[in-house]
Amino acid sequence: MFVLGLQGSPRIKGNSAVLLSGFLDEAARLGARTELVNVAKKKITPCQECGTCEKKGFCPIDDEMQELYPLLRQAEMIVMATPIFFYGPTAQMKTVIDRSQALWSRKYVLGLEDPGRKWRQGYLLAVGATRGKNLFEGTILTAKYFFDAVGAQFEGSLEYRKIEHLGDIQTHPTAMQDAAQKARELITPRLSRKKVLFVCTENACRSQMAAAFAQMHGGDRVESFSAGTAPAAEVNPLMVTVMEERKVDMAYRRPVSIENAAINGRPDLVVSMGCEDACPLFPGLPVQQWDLADPAGQPISFMRETRDLIEQRVLDLLKTV
Ligand SMILES: Cc1cc2nc3c(=O)[nH]c(=O)nc-3n(C[C@H](O)[C@H](O)[C@H](O)COP(=O)(O)O)c2cc1C
């Protein structure tokens, strides 16, 4: 399970950063893969409201936000941590939030569904110096809307008042334990899912579709990944088109090698699409051979047939796990 932490404070070792580390450390201890993005250190330009994302589904600004879009799609849990600055999140965090309009547009303007949307979780950690009743209201509303835009269910928040100076969060009587406890609560049920690795040669078509369908139809029961024995540079554009015909959004997916897929941990099952003998990195694992012909270079009708066949195979597989 991949947990992405977004740290919005510009202060080094600030209160929200410490709280987020407490959450992520516990997630990692439990066995999740974690990544922390220090948003304030990234060069991310505010949204220019150019309207490109509403027409084309992507943001044309070429900056470090482009590295964040794929991470937001890969994450199964996104934890947003921010101090309160004038009753809202920091400007740095708000910049990321506004740029997620590209993902909002893919869903709400172009009508495409990210396969991970149904199961992805979003959680907010927030701290503020004062004790006002409404201190976190604006940030919670913004976080809810952000999580919806990036395709995550808002699972709630931990908020702490009267946290101002460096180190205040560590001396709070419960905050660090609360963060670890919340990580355990949210992550533990997900860790018992079976890990399924779909493999083909280029990881550009068949294995990508299989992993996406498995995520879409069974993300509560399986953790699905895909990889290639000789990964291509990009996913197959015709595959993206036929998936979009079914409203499935394959944006931000890249072919990866089996070595790179291994960062997600040892799979319980390997499903080979049919063009390689076995998965060399995981000897001794059960392997299913699906023997599906490679649709690369074939007419779109063949790509559609392959898509439908893969979806059916995935649905059959999900009945057995
Ligand atoms: C520009 C700025 C604006 C702030 N606005 C608020 C605010 O509206 N309400 C509040 O309670 N604290 C406010 N604070 C205080 C911070 O939320 C508080 O010091 C917090 O602990 C900082 O967290 P950090 O260490 O993670 O950066 C503000 C601080 C700064 C620097």
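Throughout, residue positions are numbered sequentially from 1 according to the sequence presented. One-based numbering, in listed order, for ligands and for the atoms of each.
- Every atom of ligand 1 with a heavy atom of Leu135 under 4.0 Å away is listed here by number and element: 9 (N), 10 (C), 11 (O).
- Salt bridge annotation for Arg304-Glu245: present, with a cationic side-chain nitrogen under 4.0 angstrom from a carboxylate oxygen.
- A salt bridge links Arg117 with Asp148: the distance from a Lys NZ or Arg NE/NH1/NH2 to an Asp or Glu carboxylate oxygen falls below 4.0 Å.
- Between the OG1 atom in Thr306 and the CE atom in Met209 there is a gap of 5.5 Å [rounded to 0.5 Å].
- Among the atoms of Ala129, some N or O lies under 3.5 angstrom from an N or O of ligand 1.
- Here is the list of ligand 1 atoms found below 4.0 Å of a heavy atom in Ile163: 18 (C), 19 (O), 20 (C), 21 (O).
- Of the candidates Ile12, Asn15, Leu166, it is Asn15 that places a heavy atom closest to atom 24 (P) of ligand 1.
- Comparing Tyr160, Phe136, Phe85 against atom 1 (C) of ligand 1, the shortest heavy-atom distance belongs to Phe85.
- The shortest N/O to N/O separation between Gly128 and ligand 1 does not fall below 3.5 Å.
- Closest to atom 26 (O) of ligand 1, if we only count protein heavy atoms, is Ser16 OG, 2.6 Å.
- Under a 4.5 Å side-chain heavy-atom cut-off, the cluster of Ile, Leu, Val, Met, Phe, Trp and Tyr residues that includes Ile12 has no other member.
- Less than 4.0 angstrom separates some heavy atom of Ser9 from each of these atoms of ligand 1: 24 (P), 26 (O), 27 (O).
- Considering only non-hydrogen atoms, atom 13 (C) of ligand 1 lies nearest to Ile84 out of Thr82, Val127, Ile84.
- Side-chain contact of Ser272 with Gln289: a donor-acceptor pair under 3.5 Å is present, judged by distance alone.
- On a distance-only criterion, Pro10 and ligand 1 share no N/O pair closer than 3.5 Å.
- Geometrically, Arg73 does not engage Tyr252 in a cation-pi contact, judged by NZ or CZ lying under 6.0 Å from the ring centre and within 45° of the ring axis.
- Near Phe86, meaning under 4.0 Å from one of its heavy atoms, ligand 1 places the atoms 3 (C), 4 (C), 5 (N), 6 (C), 7 (C), 8 (O).
- For ligand 1, the atoms closer than 4.0 angstrom to any heavy atom of Thr130 are 9 (N), 10 (C), 11 (O).
- With respect to atom 23 (O) of ligand 1, the closest heavy atom belonging to the protein is Pro83 CB, 3.2 Å.
- Under the salt bridge (Lys or Arg N to Asp or Glu O under 4.0 Å) test applied with Asp114, the options Lys107, Arg120, Lys247 reduce to a single match, Arg120.
- Taking every non-hydrogen atom of Glu164 and a distance limit under 4.0 Å, the qualifying atoms of ligand 1 come out as 19 (O), 21 (O).
- Taking a cutoff of 4.0 Å between a charged side-chain nitrogen and a carboxylate oxygen, Glu113 and Arg246 do not qualify as a salt bridge.
- Around atom NZ of Lys195, more than 12 heavy atoms belonging to other residues, nucleotides or ligands sit under 6.0 Å away.
- Taking the charged nitrogens against the carboxylate oxygens, Lys162 and Asp168 have no contact shorter than 4.0 Å, which rules out a salt bridge.
- The contact set between ligand 1 and Tyr87, taken as ligand atoms under 4.0 Å from a residue heavy atom, comprises 8 (O).
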